[in-house]
There are 2 protein chains.
Amino acid sequence: MTQDAFSETLITTASDQVFVDMRREIVEGSIEQGSKISEPELAKRYGVSRATLREALNRLESCYLVERKANVGCRVVALTAERLIEVYQVRSALEGLACRLAADNMAPDEVQSLKQLLNQHLQTQRVKEGESYYQEAGDLDFHYRIIKASKNEHLIHLLSNGLYQLIRMYRVQMGMVGPRVSKAFDEHLAIINAIENHDSELAELLMKRHISASQANIQAKFNLLATQKKVAQ
Amino acid sequence: MTQDAFSETLITTASDQVFVDMRREIVEGSIEQGSKISEPELAKRYGVSRATLREALNRLESCYLVERKANVGCRVVALTAERLIEVYQVRSALEGLACRLAADNMAPDEVQSLKQLLNQHLQTQRVKEGESYYQEAGDLDFHYRIIKASKNEHLIHLLSNGLYQLIRMYRVQMGMVGPRVSKAFDEHLAIINAIENHDSELAELLMKRHISASQANIQAKFNLLATQKKVAQ
DNA sequence: TTCTTTAAGATTGTCGACAATTTATATTGA
DNA sequence: TCAATATAAATTGTCGACAATCTTAAAGAA
């Protein structure tokens with residue numbers, strides 16, 4: 001029984017393993033977005049039976065990475081501009097809530113630990129400037145900690161098991177890296193301060209604004225990519 | 001291929017049918033909350049194989065009605081006071097968002113249709129005073145329409161396929177019926193007016209307040225029930 | 001040619017059986 | 001009596017095969 005790094009999924013069964021593997025491949029784009037999933041083919045590839053693969057597909061469906069139609073089959077989700085907006089509207093509402101609850105609940109030592117984490121990110125960020133992986137991981141860390149600090153299990157599950165893989169998929173496949181990183185850092189700092197002061201209203205507002213900015217950033221990338229595709233034709 | 005009334009689930013396969021049936025039984029309490037689910041037993045009861053039943057269980061898990069542990073099995077969710085708070089915090093954030101979007105997007109004829117619906121509810125409510133089913137259905141109708149009017153497919157799915165069955169489960173099993181009905185009606189009216197005026201900020205606020213009131217109502221029932229149980233001992 | 005209809009192929013849904021794991025029971029030793 | 005261990009029973013996880021459904025390709029009619 002091992003453990004999955006990103007969402008702390010306990011890997012006990014064969015279908016757990018297939019689920020985690022497929023999730024990574026879909027998020028990172030090894031399995032192409034929008035592509036049809038053939039059960040016999042993938043079962044063979046992962047060396048499991050169709051029953052086991054289908055179990056994994058069910059779970060991928062619950063975190064919005066594949067879509068199923070009865071008697072037709074599975075398809076990897078397609079990253080559209082419309083969906084991006086939809087997902088970020090939901091994310092903003094939920095993480096705004098999480099941040100508000102965190103401001104209400106977070107203990108002083110938890111706040112200090114989070115501050116420390118942020119400083120670490122600042123250090124490594126300067127060193128690793130341009131390497132998107134560390135920025136990704138650092139940003140994820142920060143948001144994840146706040147989500148957990150909400151102490152609302154349902155909310156935590158909804159975000160970390162539900163939305164986050166999809167959000168990660170957008171970020172990874174848009175190749176998120178650029179000048180927004182340092183701005184994001186300042187925003188994180190402001191959010192922590194609000195939490196430290198138990199100013200829940202401000203914390204919620206700042207988080208929502210932070211997420212909106214992130215959305216605008218991805219959306220710009222999206223449009224840029226769309227333009228490039230048009231020129232290429 | 002038939003259709004399920006409440007969440008518009010298309011029933012195509014055998015597992016669809018089992019899913020819808022079990023969902024109803026769990027929500028209404030025929031299958032007791034907190035009880036262990038035996039796969040062989042229920043498969044026999046519904047006249048399907050274990051594979052088909054497990055498919056249904058997977059889907060019940062994604063709408064939070066059962067909880068699974070690897071190599072241990074399924075258990076029907078337990079309705080605790082803590083969970084009620086968690087779920088309603090999330091619901092408030094999401095339906096608040098839905099209501100805001102509805103205020104932005106809703107066309108005049110849609111608003112009129114919703115007003116008309118509300119009047120119908122008022123009529124039948126007076127006639128059927130005390131029959132909780134109609135109040136339930138009416139309230140659900142209202143909220144569902146606003147959710148749909150958000151035009152955010154992800155949000156719609158999250159609420160109607162995800163949270164609502166669990167919310168319904170709380171309401172049904174707490175036996176929701178009482179003096180709050182008429183107040184709820186007034187609140188609905190105020191929300192529609194805000195939507196009609198495209199006052200999205202107010203619409204969101206009123207919806208959140210409306211949901212908080214509903215939560216307080218259920219919570220009161222909960223405490224009452226807990227007290228009764230203590231006395232009975 | 002274009003549109004239906006029909007048949008073949010492939011894919012998903014469902015089943016019963018076996019393997020792996022957990023839970024309950026019985027046994028042994030202190 | 002109680003705790004720890006070993007055994008037996010039951011439950012879940014996984015597999016391969018068959019049935020039902022959809023998709024594709026071919027054949028025929030307008």
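Computed over heavy atoms, backbone and side chain alike; hydrogens, waters and symmetry mates excluded. Chain identifiers are assigned alphabetically (A, B, ...) following the order of the sequence lines, protein sequences preceding nucleic acid strands; residue numbering begins at 1 within each chain.
Across residues 35-59 of chain A, A/Lys36, A/Ile37, A/Glu39, A/Pro40, A/Arg50, A/Arg54 each have a non-hydrogen atom less than 4.0 Å from an atom of DNA chain C (numbered order).
A/Arg75 contributes a side-chain N or O that, together with a main-chain N or O of A/Gly34, makes up a donor-acceptor pair within less than 3.5 Å.
Side-chain contact between A/Leu60 and A/Gln165 is absent, with no heavy-atom pair separated by less than 4.5 Å.
A salt bridge links A/Arg54 with B/Glu55: at least one charged nitrogen is closer than 4.0 Å to a carboxylate oxygen.
Side-chain atoms of B/Ser214 and B/Asn217 form no donor-acceptor pair, as typed in the model, at a separation below 3.5 Å.
Distance B/Lys69 NZ to D/dG13 P: 13 Å, rounded to the nearest Å. Separating the CZ atom of B/Phe19 from the C1' atom of C/dG13 is a distance of 17 Å, rounded to the nearest angstrom.
With A/Glu110 as the partner, the salt bridge (Lys or Arg N to Asp or Glu O under 4.0 Å) test is satisfied by one option alone out of A/Arg145, A/Lys148, A/Lys151: A/Lys151.
Neither OP1 nor OP2 of C/dG13 sits under 4.0 Å from any side-chain N or O of B/Ser15.
Distances from the side chain of B/Asn71 to the nucleotides C/dT14, C/dG13, C/dT21 place C/dT21 closest.
Mapping B/Arg68 and A/Val72 onto DNA chain D via the closest heavy atom, the residue that lands nearer the 5' end is B/Arg68.
The aromatic rings of A/His143 and A/His210 sit parallel to each other, their planes meeting at less than 30°, with 60° as the upper class boundary.
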